[in-house]
Protein chains: 2
Amino acid sequence: MRRHILDSALRLFAEHGFKGTSLNDIAVEAGCSKASLLYHFAGKDAILTELLTSPAEGLSALSQELAVLDGDQAVEAAVAGYVGLAMRFHLEVKIIFAELPDMLGHPVLAVIPEAVGELADALAGRSEEPRARVTAQMVIGGVAVTVASEVDVARDTMRTELVRGALRTLGHPTS
Amino acid sequence: MRRHILDSALRLFAEHGFKGTSLNDIAVEAGCSKASLLYHFAGKDAILTELLTSPAEGLSALSQELAVLDGDQAVEAAVAGYVGLAMRFHLEVKIIFAELPDMLGHPVLAVIPEAVGELADALAGRSEEPRARVTAQMVIGGVAVTVASEVDVARDTMRTELVRGALRTLGHPTS
DNA sequence: GTCAGGGCTGACCGATCGGTCAGCTACGGT
DNA sequence: ACCGTAGCTGACCGATCGGTCAGCCCTGAC
């Protein structure tokens, strides 16, 4: 039942946003009462927290892996890792990108800015040039939006083209 | 005063989202009463509508320009036009991307899906291949997110690098 | 002086929000 | 047979939401 609630909440949050989804909406979708939600979870924020913990941990882990890499290795690992993470958590990505500014108060998401900073740093190949920073941001946003939008292509095609497209954006020679 | 209200609303909508901003918030920011807002505007939706009319028209105009182009001309015009539009309306872009799913009901934004479709078609060089469609979506998202995020670079640097990055993403030979 | 009307406001409204609480049901342990 | 408890619910709460309304203030026309 907890799992059922989380699934319903994930779908609704991704579709209408966190603030755009009421506890009643989730209860109806999950087929239970609003009071039942608050028996299983401390509150609306707790539901969001539980949904976003896993992707946040994944991002945090990726940033740690990237921290010890440099140059081409860092770029390739960053692209592959980020694309994989974004595809695995595409609904969560949609939630985060839609209402990021307000959510950074949540302790679970506190790690995101630094992790994304490390990701951008790796994507930029440790370069401080404005050109590289803009390009890195383009990759981060492009992958996220593409994954969140429902483009009608096979998953492996999507993954392959996201990686290739990101490497092209970064001006990284494709093997 | 109307202008002042619109400026305040634009800033707040971009920062906290449409649903995340109350009429009271706007009134405080604008330095007037909530009732005064509703004297100048028919309602909260009317404020949003007025804010998004101009970028919607710009996007619509761009899509009409693109419709008569093909091949490389279409790609280059699409990239330049979209980057220019996104930079000019970067706050509005942030609003739209944050809560797009719910907003498409508004008549003002009804033109957006088709216009974006045309834009994606031009960016893809009129190709139907999944590869080109994914790439086009990456450009649309990458430019929007980058423009909406506050990357600390000069405006002309940003514009140049966005165009160059987009063309690289599309695999378009740079002149 | 006075009157009309645009700009603006405080007080108020119904609806909906997130959250609380007492109590119901079903069931496993003893 | 009895009880404790986990799962769940309807009824209710205060806060806040978008929106309404009667009326105040100020200014320009006459």
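Quick caveat, the model's predicted, so the values are computed rather than measured.
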Can you name the side chain to side chain donor-acceptor pair (under 3.5 Å) partners of [X], sequence neighbours left out?
{"X": "Glu92(A)", "result": "none"}
{"X": "Thr160(B)", "result": "none"}
{"X": "Arg133(A)", "result": "none"}
{"X": "Lys19(A)", "result": "Glu99(A), Asp102(A)"}

Among Ile, Leu, Val, Met, Phe, Trp and Tyr joined by side-chain contacts under 4.5 Å, find the other residues sharing a cluster with Leu69(A) and list them by chain and number.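 Listed partners: Val68(A).
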
Restricting to pairs with a member in residues 49-71 of chain B, which pass side-chain hydrogen bond (donor to acceptor under 3.5 Å, both in side chains), not counting sequence neighbours? Arg2(B)-Glu50(B)

Which residues satisfy the ring pair (Phe, Tyr, Trp, His ring centres under 6.0 Å) test with Tyr82(B), sequence neighbours excluded?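 For Tyr82(B) there are no ring pair (Phe, Tyr, Trp, His ring centres under 6.0 Å) partners, ignoring immediate neighbours.
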
Give, ordered by number, those residues of residues 1-14 of chain A having at least one heavy-atom distance below 4.0 Å to an atom of DNA chain C; if nothing qualifies, reply none.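 Heavy-atom contacts with DNA chain C come from no residue of residues 1-14 of chain A; none.
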
May I ask you to list the residues of residues 30-51 of chain B, by number, that have any heavy atom positioned under 4.0 Å from an atom of DNA chain C? Cys32(B), Ser33(B), Ala35(B), Ser36(B), Tyr39(B), His40(B)

Kindly list each side-chain donor-acceptor pair under 3.5 angstrom involving residues 3-11 of chain A, sequence neighbours excluded, with atom names and distances?
residue  : atom : partner  : partner atom : Å
Ser8(A)  : OG   : His4(A)  : O            : 3.0
Arg11(A) : NE   : Glu29(A) : OE2          : 3.1
Arg11(A) : NH2  : Glu29(A) : OE2          : 2.9

Which residue pairs satisfy the ring-ring contact (aromatic ring centres under 6.0 Å, His included) criterion with at least one member in residues 10-34 of chain B, sequence neighbours excluded?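 Found Phe13(B)-Phe18(B).
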
With a 4.0 angstrom cut-off to heavy atoms of chain B, pull out the first and last contacting nucleotide of DNA chain C, in 5'-to-3' order. dG6(C) to dG10(C)

Within the distance-only criterion (no hydrogens, no angle test), does the side chain of Lys44(A) pair as donor or acceptor with the backbone N or O of Thr21(A) below 3.5 angstrom? yes

